[in-house]
Amino acid sequence: MDNEKLQDVSNETKNETPEEVQNQAELRDENQPEVEEEKTDGDVAAEQPQEEVEDKQPQEEARAEEKQVEEKPEPAEKEKKEEASDTESEEEDSHDEEEEELDFEHADKEELVAKIREIKNEENIRSLDRVLKAIKPRFDELYEVSKNEALQKFVTDGNEADAFEYHGDELDKEFITLYGQLKSKRNKHYKDLENQKEDNLKKKERILEQLREIVDGEESAESINGVRELQSEWKKVGPVPGAMNKTLWANYNALLDRYYDNRSIYFELKDLDRKKNMKLKEELCEKAEALASMEDLKTAIIQLNDLHEEYKHIGPVPKENQEPLWQRFKAASDSIYAKRKEHFEHLKEEFEKNLVKKQELINEVEGFIKFTSDRITEWNGKTKEILDIQKRWEAIGGVPREKAKAINKAFWGSFKGFFANKNQFFKELESKREENLQKKQELIEKAEALKDSDDWNSTADKLKHLQTVWKDVGPVPEKVRNETYKKFKTACDHFFNRRREQNQEQFKAYEDNLKLKQQVCDQLEQEGTKEDPDLDTLYDLVDNYTSIGFVPKNAIKKIRNRFDSVKEKILSNKSIHEDDRTDLRNHIQMGRLKNTPGGERKLHRKEHSIKRKISTIENDIATWNTNMEFFADSATADKLKAEMQEKIEKAESELEDLRSQLAAISAQN
């Protein structure tokens with residue numbers, strides 16, 4: 001039907017109101033804030049639907065006309081549209097109720113993610129839309145806090161702030177993913193809803209054309225069935241674009257009025273319809289009264305709003321029952337709203353207590369602004385303290401809305417001020433790290449200069465000293481820390497790996513030396529225990545033994561004991577002359593001394609020591625011989641001469657032994 005026809009019919013019934021109210025799920029601007037208001041008695045009263053105005057046609061005339069109708073038609077489905085202001089008022093109340101319950105201002109990320117998980121399968125798009133609008137600002141705030149903390153740590157670790165990239169943690173990713181899915185679901189629903197409204201408009205225009213044909217056509221007993229079918233089809237069609245709603249309803253009701261004006265049973269049908277409506281509204285009153293026993297106030301309010309919506313669209317009831325029925329329904333609603341008001345009063349008390357707690361934390365965090373130190377550990381300790389305060393702050397619930405902005409500004413101002421000071425400290429620390437880098441680069445150069453040295457012991461000591469100095473130097477910039485340490489470690493490892501390889505070769509040589517010394521010991525034992533051993537052979541074997549190099553450390557004591565055992569067997573051989581045994585003993589001792597670390601130096605020192613002793617003993621013998629010449633002949637003098645002579649002989653024996661040792665040393669040189 002074109003707009004001109006719609007307008008023509010509308011003019012005929014411009015004082016009538018349509019039966020159906022536009023669906024409350026109309027698309028709203030996503031960023032438009034919802035205002036929280038409590039429903040007052042006046043608001044509830046405004047929801048009372050208007051009853052149809054009784055037609056002035058006498059009932060008697062309608063009943064007389066009814067006799068001429070072959071079939072009694074069912075009541076007309078004509079319903080009046082509530083005033084737009086009533087609908088808008090209830091929409092606001094519904095929205096206010098939702099926003100009063102959806103307070104995420106103090107929720108943490110876990111709570112936000114838990115909530116968005118909870119609604120991911122929500123089919124009520126209006127409820128879903130309210131949650132998304134309420135939850136997103138709090139998440140953005142927490143996301144910025146996490147981002148700033150990550151940036152602070154990034155800079156603290158020695159990185160440039162310009163290089164920072166933040167991708168969020170697992171909770172951030174999950175929230176963003178679910179939020180995007182739910183937002184797409186919501187947008188698709190509203191888009192589908194608008195498309196469906198356009199289709200519904202076309203359907204209702206087609207129904208109006210068919211209804212017009214019946215109204216303008218010839219009256220018959222079957223025409224009422226056609227009207228009923230069109231009424232039923234009209235009811236099944238959903239909402240249409242708001243701009244066309246009033247015009248469609250005006251034309252629809254005008255056509256129905258014209259149709260029932262032409263039928264004598266109009267008022268009786270309307271009476272039956274009102275009785276049916278009264279039964280339906282009584283059922284709604286019972287449902288509303290049952291909501292008073294629900295503990296979940298939020299769910300009760302939502303269901304009550306749905307009952308109000310349904311109550312308005314049922315249609316008129318008998319006039320004498322209209323006010324009592326409405327007062328019953330209103331009384332049930334008022335009991336629920338009273339419980340909601342009490343709940344809000346309790347929340348208000350809690351908010352005041354929370355305000356006191358948060359003010360205490362504000363006073364506590366203000367002291368962090370003045371903190372200063374030149375030690376990283378103290379800064380980190382203070383950071384842990386202020387982060388603990390932050391957790392306590394976030395654990396406290398909401399505060400009165402009119403004071404929330406001021407206390408948040410006071411707390412976070414001090415919080416951010418502390419981290420700004422900490423950031424400045426680490427900037428200054430970075431300068432010190434550059435100096436440390438220069439020192440460590442110098443140590444790297446020294447280590448690289450030593451890494452190819454073959455002076456194993458000396459170089460090892462030097463490198464160990466460099467490693468000690470390295471540890472004493474403070475940290476370097478984070479971006480070159482690994483690279484710097486790797487260079488120093490590579491140089492040290494290069495030398496010690498070379499020394500380890502050399503030691504492995506040396507250990508094999510030690511094993512060979514052990515075998516040779518064991519063979520020499522066997523030969524010495526075999527030759528030295530003969531009845532007439534060959535002294536030249538023994539000397540050669542001893543020299544051969546002492547000339548053999550080192551043996552494994554764990555075999556030193558064993559081979560030494562073996563050699564000493566063989567030596568004692570040789571020196572105890574009675575067939576060897578005493579002087580030869582002495583010479584052989586001295587030769588063995590000097591040979592062993594020579595082959596110890598620093599042997600040449602030890603022999604030289606030993607030689608000088610023996611020569612000093614020889615000189616001393618020779619002087620003592622000469623002195624004693626001279627003194628004996630002065631002793632007179634007497635019993636006492638003879639006794640002194642005997643003691644002196646014994647002393648001289650003992651000294652000469654020691655002198656002989658020293659000369660033998662000196663000869664042995666000379667033989668080693």
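Just so you know, these numbers use all the heavy atoms, side chains as well, and skip hydrogens, waters and symmetry mates.
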Item to complete: Scan side-chain atoms only and decide if N200 and Q196 contain a donor-acceptor pair under the 3.5 Å cut-off.
Response: yes
Worksheet item: Any luck finding a side-chain donor-acceptor pair between K382 and S373 under 3.5 Å?
Response: no
Practice prompt. Give a yes/no verdict on a cation-pi contact between K281 and F329, requiring under 6.0 Å between NZ or CZ and the six-membered ring centre and an angle within 45° of the axis.
Written response: no
Fill in: From E174, K173, E118, residue fulfilling side-chain contact (heavy atoms from CB on, under 4.5 Å) relative to V113
E174
Tell me, yes or no, whether the heavy-atom count around [X] atom [atom1], taken from other residues, nucleotides or ligands under 6.0 Å, exceeds 12.
X: K487; atom1: NZ; value: no
X: E434; atom1: CD; value: yes
X: Y485; atom1: OH; value: no
X: K147; atom1: NZ; value: no

Worksheet item: If you look at every heavy atom in E160 and F154, which pair is closest and at what distance?
Response: O-CE2, 3.0 Å
Discussion item. If I compare all heavy atoms of L291 with all of A300, which pair ends up nearest, and what's the gap?
Written reply: CD1-O, 3.7 Å
Worksheet item: Can you check whether Y143 and Y166 have ring centres sitting under 6.0 Å from each other?
Response: yes
Worksheet item: Between W379 and F419, does the ring centre distance come in under 6.0 Å?
Response: no
Item to complete: Could you walk me through whether I396 and H106 pass the side-chain contact (heavy atoms from CB on, under 4.5 Å) test, one step at a time?
Response: CA-CA 8 Å; I396 299 174; H106 309 289; over 6 Å; no
Response to the item:
Here the gap from I362 atom CD1 to N408 atom CG, rounded to the nearest 0.5 Å, amounts to 8.0 Å
Worksheet item: What distance separates T383 OG1 from K153 NZ, expressed to the nearest 0.5 Å?
Response: 12.0 Å
Worksheet entry | E352 (side chain) donor-acceptor with E349 (main chain) under 3.5 angstrom | no
Worksheet item: Between D172 and D169, is there a donor-acceptor pair closer than 3.5 Å when you use the side chain of the first and the backbone of the second?
Response: yes
Worksheet item: E233 pairs by side chain to side chain donor-acceptor pair (under 3.5 Å) with which of Q210, K204, K203, R206?
Response: R206
